[in-house]
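To find a chain, count down the sequence lines: A is the first, B the second, and so on, and within it residues start at 1.
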Amino acid sequence: MKPSIPKGTRDFSPTEVANRTYIINTIKTTFENFGFQPIETPSFENSETLMGKYGEEGDRLIFKILNSGDYLEKVTEQFLADKNSLKLTPQISEKALRYDLTVPFARYVVQHQNDITFPFKRYQIQPVWRADRPQKGRFREFYQCDADVVGSDSLWQEIDFIKLYDTVFSNLGLKGTTIKINNRKILSGIVEVIGASDKLIDFTVALDKLDKIGKEGVENEMISKGISKEAIAKVQPLFDFSGNNLNKLTSLENLLITSEEGKKGVSELRFIIENIQQLGLQSADLEIDVTLARGLNYYTGAIFEVAAPKSVSMGSIGGGGRYDDLTGIFGLKDVSGVGISFGLDRIYLVLEELQLFEKVALPKPTVLFLNFGDQEALFCMKAIAELRKDGIKSELYPEATKLKKQLNYADKREIPFVVIVGSQEVEKQVFTLKNMISGEQTSCSLSTLFGVVNK
RNA sequence: GUGGUUGUAGCUCAGUUGGUUAGAGCGCUAGAUUGUGGUUCUAGAAGUCGCCGGUUCGAGCCCGGUCUUCCACCCCA
């Protein structure tokens, strides 16, 4: 059998793990700096917790876990004969791998509501799974790094999340990201103004493609979804929406003058934009993007998405938003939440492409003791124990093979110091220390050895 | 889920209109050098040509299926 791993999954080499750890630690440190606390949830949930939360497409992409034991035992002949996967699945699968971290978090909040002090600020860095077809920057197993606040509907949270995005990317040395922001209420307002409130999703999904298929393409898609030409004519300003954020706010205010909800959305957006202007951002740009229509299944206010620097071709590296009623699904009403997510795997690809990983050093020993036989090895192990006590990474070459091979190993692993202890050294109780970079070699005592390698 | 693309040694890749024993570089192992790596030289090992089936006297090459890779759509981090 040829060994292989499932489609869309990956193995990580020591270098890759070091790089990933560096990103995770940067994000983690920044999260904690902003006052978030970590939680973890199981990698799989009860199916009913996840199903129906991400729309029809989402349900299809959730990995279902087959029941244990004879999972067909209780299924009636009728269900098997019908061959209806949608109806059969709940009977043979009661658990599913988590699809994101937001819904499990909402479940967590409701389940532990009595132990939580609100507003509750949590972060969570764990893998999620989607039965998607892999592509560039798209995997079936990948990590999300989420920070959310529940129990506060203050817009200062949104402002703080924008600062959080900016801080993380600055700390990673990733300049030129764009934080795009929109508001669900603005989208609702627009469809209300054009009299197509029942077509919110179709309208926004089409509008979202403006970048990709252009104005005509969007109009055609809207028409094909049953939105009238008159309605489309009313939102012409959206198609050539330009200028700075304040200009955009003004034209949105004019467009949405007859919609209470729309006006509310614009004023929320204005509050955020104006305060961010006062506070300033280090490396990211904040940009109003009315075509942004992610996560409409639960976002109710702000919607965020982060685009990588323009020189890199990569989908969004982060997303988030405000959800007023996510916990409502699990029975806890009137708790507003807002949060953002970082896509670790995509950030990795972006940093790699921009060569921002140089600083990350692989863990490796500082000193390698060569092995000349059991007697010499014992002598070395005593010294190694002393070195390790002082935090100097050291190891013994496990086998007494020829020196060429042992030195070659040190060379390959880029170990800076090698200690050679043969019978002569044991007899004199000294160490021959070799600097692998200069090739220099000296005979010395253990304390001298300490001094040299500890620099 | 739809359409396309890819797969040959551990790695990166050659392989002509289908024709004898499928090659190269790097890496690996051994030796030149029995206590000295990086450079050099010599030799060697290593492949069910993704898998299954078909066409053919003959398939790495053609056809079908399947898995995998990457890409676009859908959707998304």
Q: With the sugar-phosphate defined as primed atoms, P, OP1 and OP2, and the base as all remaining atoms, what B/S/- string results for nucleotides 30-37 of chain B, 5' to 3', for protein heavy atoms under 4.0 Å?
A: -S---BBB

Q: Heavy atoms within less than 4.0 Å of RNA chain B: which residues of residues 28-38 of chain A have one? Give them sorted by number.
A: none

Q: Tell me, please, which residues at least two apart from A:D202 pass side chain to side chain contact (heavy atoms under 4.5 Å, CB included).
A: A:K199, A:K225

Q: With salt bridge (charged side-chain N to carboxylate O under 4.0 Å, His left out) as the rule and sequence neighbours excluded, what pairs involving residues 93-108 of chain A come up?
A: A:E45-A:R107

Q: Could you tell me which residues satisfy salt bridge (charged side-chain N to carboxylate O under 4.0 Å, His left out) with A:R184, sequence neighbours excluded, listed by chain and number?
A: none

Q: For the C1' atoms, the ones on B:G27 and on B:G19, what distance do you get once it is rounded to whole angstrom?
A: 33 Å

Q: Is there any salt bridge (charged side-chain N to carboxylate O under 4.0 Å, His left out) pair reaching into residues 52-66 of chain A, and which pairs are they, with sequence neighbours excluded?
A: A:E57-A:R60

Q: Please list, chain by chain and in numerical order, all residues satisfying ring pair (Phe, Tyr, Trp, His ring centres under 6.0 Å) with A:Y323, sequence neighbours excluded.
A: none

Q: Taking only Watson-Crick and G-U wobble pairs with both distances under 3.5 Å, what dot-bracket line describes RNA chain B, where [ ] shows pairs that cross earlier ones and | shows pairs with another strand?
A: ((((..(..((((.....[...)))).(((((.......))))).....(((((..]....))))))..))))....

Q: Is there any protein nitrogen or oxygen under 3.5 Å from a nitrogen or oxygen in nucleotides 5-7 of chain B, and what are the pairs?
A:
none

Q: Below 3.5 Å, can you tabulate the donor-acceptor pairs from side chains in residues 391-401 of chain A to any protein atom, sequence neighbours excluded?
A:
from, atom 1, to, atom 2, distance (Å)
A:S394, OG, A:I392, O, 3.2
A:E395, OE2, A:Y409, OH, 3.0
A:E395, OE2, A:R413, NH1, 3.4

Q: Does anything in residues 5-14 of chain A pair up under side chain to side chain donor-acceptor pair (under 3.5 Å), and if so which pairs, sequence neighbours excluded?
A: A:R10-A:D345, A:S13-A:E16

Q: Each nucleotide in nucleotides 72-77 of chain B should get exactly one letter: B, S or -. Can you fill that in based on protein heavy atoms under 4.0 Å?
A: BBBBBB

